[in-house]
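Notes follow the structure.
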Amino acid sequence: MTSLSPPERSSTPLSKRASAPRWLRSALIAVIVLAIGLQIVAASLNIYFDKDEVRKLMRTSGYTAPELTAELFSAEPAPIGEFLDRYQYTCTQCKQAPGLTALLANREHPPLYYFLLQKWMGLFGAWLSPKLFATLLTIATLPALYWLSLTLFHNRLAALSSLSLFAASPLIFSVSQHVSQYSLLISLSCLATATFVQAYRTQAKSKWVLYGLVIGLGIYTHLFFILLPIAHVVYALAQRNRRQLPGITLAITTAGLSFIPWIAGILTSYQQFALTTNLADPPEVSTPPPLWNYFTNGILFSVQLFLKKSNISLLSNDWLNNPGMSVLAAIALIATTIWLIRHRHKNDAFPLILSCLYLTALPIIVLDTFLVQGISAKVRYYLPTVMMLLPLVGYWLASSIKPVSRRVPQSFQQWASSIALVFVLIISLASTVNLFRITLSSSASGTQYGRNYQRAAAVINQAPSETLVISYEDYIQTLVFSHRLNAATDYLFRDQQSLTSQSLTQEIEEYRDRYARIFIFSPANSRVDLFAEANIGYKKIPTEWNSPILYEIHDQEPPDA
């Protein structure tokens, strides 16, 4: 029996593992290599998909939103390249090296990932995309996941299967393309459970110290990471192995003490923390929260792990409010739970996996019943759960390759099981390749932006060099759009609150002689009535839209605006 007990009590050696056809092992390795290539190529395009990414780049570059808007509203026209260097990258030539002030202003996001990204951007600037940093962290998860799977199941084929499932996953592809802490979160989630198992087995103080260090890094990456060590503690208590309690208590206590300064910061600036997390003004609920809806939408992460639509953003839940997918996910979860409980005596890793699956997911769903903020439907919060699910699925598919019945020919069983594994990989990889395709066409999008911005940006990029874009829009939309423009295009940022027909006329008259073409960027608010009041000629871009993204200014108003 494979056990989390010390190695001398385990009777299953590492070499005792399921055999597999050589072609299957080669295919699994090929999938991993292909997926890594897709991630790196996509990251090199440096296309930003949603507001979350550019906001985090702004903070990492050393600016808070008030600081950025205060500077931009009073600035003169400047090239896009300078604009991005200052407000999206840590450009040491155009400003002082950014500190931690902007990062500390958002206590809902612990700073470890952003501190590391800040150092990366300080070394490479825009030369190596910030997206590539997230991609490399995602790739670095591969050895951590292999170690975790090998530690749990003592089966190299299961570990290799887990890696191929991870690499082919469209959800993981999205993680690798998103400038956020989730690429670091998945790595630390694997390392935390692997080091816990190692420490639990050996009872060595050095292993508990290492476990405590990983836990400390994890909670400084994401607040929900704390659910994972809680799951470890519950497992240890359920095993009733008192000899392990001092080690795990010391490790988690030490990690918790290291987090006290951050907690103190949250308490000190709780009003701001409550505002940014929507705790300050929770919605009024007249009826009991639909717990079942939260549950069914929450477990959809298991579907997106293998099948995702054309939305690459981590802000989306592709299968939200989809009864069919929710029922399938619920059936799979129930079946998994029953299987783990029935086989808990065959492998002590199964109760640990069960504890981690439920205690990293259910608290998020339950929390949403009190906050009613929709966090239960946000797939990215379940990534620690995903990193425990992958080794289990890999183990199932790999262990089934080993013949289990004498009545069925061994070669048939191996081929049937191998084909099942390949089928799952094909579905996942096809979904990932689709996301790669739309990224390659520069039309990938989150829920807010994407193909439409790309169409409008193409018009500006084909214009002469003497081109000015005036933005009367929210700074986040302006940042997302600016990443799609040529670096030489001039940009002017203006406060939409003070926009009037008179101020618009003065602005255009001031810059008409300096620029061959002037564009007004305003996707969220129609400016047609304002142009008519100011008697300003314009052309909508795209022309067929009632609410366009851009307006190109002309000397006289067209007959049909």
Inter- and intrachain pairs under salt bridge (charged side-chain N to carboxylate O under 4.0 Å, His left out), touching residues 295-312, at least two apart: K308-D318

Which residues share a ring-ring contact (aromatic ring centres under 6.0 Å, His included) with F173, sequence neighbours left out: none

Aromatic ring pairing Y381/F224, orientation class (parallel under 30°, perpendicular over 60°, tilted between): perpendicular

Output field: ring centroids F133/F124 closer than 6.0 Å: no

Nearest non-hydrogen partners of Y475 and A65, listed with the distance: OH-CB, 3.2 Å

For I32 against S164, the heavy-atom pair lying closest together: CG1-CA, 3.7 Å

Residues forming a side-chain contact (heavy atoms from CB on, under 4.5 Å) with A43, sequence neighbours excluded: K131, L132, T135, Q177

side-chain contact (heavy atoms from CB on, under 4.5 Å) partners of I331, counting only residues at least two apart: V327

From OG1 (T268) to CD1 (I263), nearest 0.5 Å: 11.5 Å

Heavy-atom side-chain proximity of T336 to L340 below 4.5 angstrom: yes

Which atom of A329 lies closest to which atom of V303, heavy atoms considered: CB-CG2, 4.1 Å

Close side-chain approach of V480 to Q477, heavy-atom, < 4.5 Å: no

Any M388 side-chain heavy atom under 4.5 Å of L152 side chain: yes

ring-ring contact (aromatic ring centres under 6.0 Å, His included) against F306, all qualifying residues, sequence neighbours excluded: none

Partner set under salt bridge (Lys or Arg N to Asp or Glu O under 4.0 Å) for K378, not counting sequence neighbours: none

N/O donor-acceptor pair under 3.5 Å between S44 side chain and V41 backbone: yes

Donor-acceptor contact present, side-chain Y382 to main-chain S376, <3.5 Å: yes

Stepwise side-chain contact (heavy atoms from CB on, under 4.5 Å) test for L333 and L357: CA-CA 10 Å; L333 177 63; L357 288 179; 5.7 Å; no

Euclidean distance, I353 CD1 relative to N347 CG, rounded to 0.5 Å: 7.0 Å

Check: V175 and S183 side chains under 4.5 Å, non-hydrogen atoms: yes

Distance in Å, D348 CG paired with R201 CZ, rounded so as to fall on 0.5 Å steps: 9.5 Å

Under 3.5 Å: donor-acceptor pair, side chain of T195, backbone of A192: yes

Test log, rule side-chain contact (heavy atoms from CB on, under 4.5 Å), inputs V386 and V379: CA-CA 10 Å; V386 164; V379 176; 6.0 Å; no

ring-ring contact (aromatic ring centres under 6.0 Å, His included) partners for W147, two or more places apart: none

4.5 Å side-chain heavy-atom contact, V393 and V424: no

side-chain contact (heavy atoms from CB on, under 4.5 Å) partners of S187, counting only residues at least two apart: T141

Parallel, tilted or perpendicular: rings of W396 and W339 (30°, 60°): perpendicular

Beyond-backbone contact of H109 with Q181, side-chain heavy atoms, under 4.5 angstrom: yes

Pairwise distance CD1(I172) to OG1(T432) - rounded to 0.5 angstrom: 9.5 Å

Any side-chain heavy-atom pair of L28 and L163 under 4.5 Å: no

Check: T69 side chain, P66 main-chain N or O, donor-acceptor pair, under 3.5 Å: yes

Verdict with reasoning, L383 to S189, per side-chain contact (heavy atoms from CB on, under 4.5 Å): CA-CA 8 Å; L383 284 171; S189 296; over 6 Å; no

V179 backbone acceptor or donor facing E53 side chain under 3.5 Å: yes

Expected output: side-chain N155 to main-chain L157 donor-acceptor under 3.5 Å: yes

Q244 side-chain N/O to Y200 backbone N/O, donor-acceptor pair under 3.5 Å: yes

Mutual orientation of the aromatic rings belonging to F259 and Y220 [parallel < 30°, tilted 30-60°, perpendicular > 60°]: perpendicular

Minimum heavy-atom distance between S176 and Q39, given as atom pair plus value: OG-CG, 3.4 Å

For the student: nearest non-hydrogen atoms of S162 and P391, plus distance: OG-CA, 3.2 Å

Geometric class of the Y270/F273 ring pair [parallel <30°, tilted 30-60°, perpendicular >60°]: tilted

Side chain to side chain donor-acceptor pair (under 3.5 Å) against Y182, all qualifying residues, sequence neighbours excluded: H222, R380

Heavy-atom closest contact (P110 atom, L223 atom, distance): CG-CD2, 3.8 Å

Side-chain heavy-atom pair C356, H232 within 4.5 angstrom cut-off: yes

side-chain contact (heavy atoms from CB on, under 4.5 Å) between I476 and M58, worked out: CA-CA 9 Å; I476 287 294; M58 176 194 70; 5.6 Å; no

Y114: ring-ring contact (aromatic ring centres under 6.0 Å, His included) partners, not counting sequence neighbours: none

Gap separating the CG atom of L112 from the CG atom of L188, nearest 0.5 angstrom: 7.0 Å

Interatomic distance, L429 atom CG to L165 atom CG [nearest 0.5 angstrom]: 11.0 Å

I226: partners by side-chain contact (heavy atoms from CB on, under 4.5 Å), with sequence neighbours left out: I219, P229, I230

Backbone of P351 reached by a side-chain donor or acceptor of S355 within 3.5 Å: no

Would you list the atom pairs, donor with acceptor, under 3.5 Å between side chains in residues 247-257 and any protein atom, with sequence neighbours excluded?
| residue | atom | partner | partner atom | Å |
| --- | --- | --- | --- | --- |
| T249 | OG1 | L245 | O | 2.6 |
| T253 | OG1 | T249 | O | 2.6 |
| T254 | OG1 | L250 | O | 2.7 |

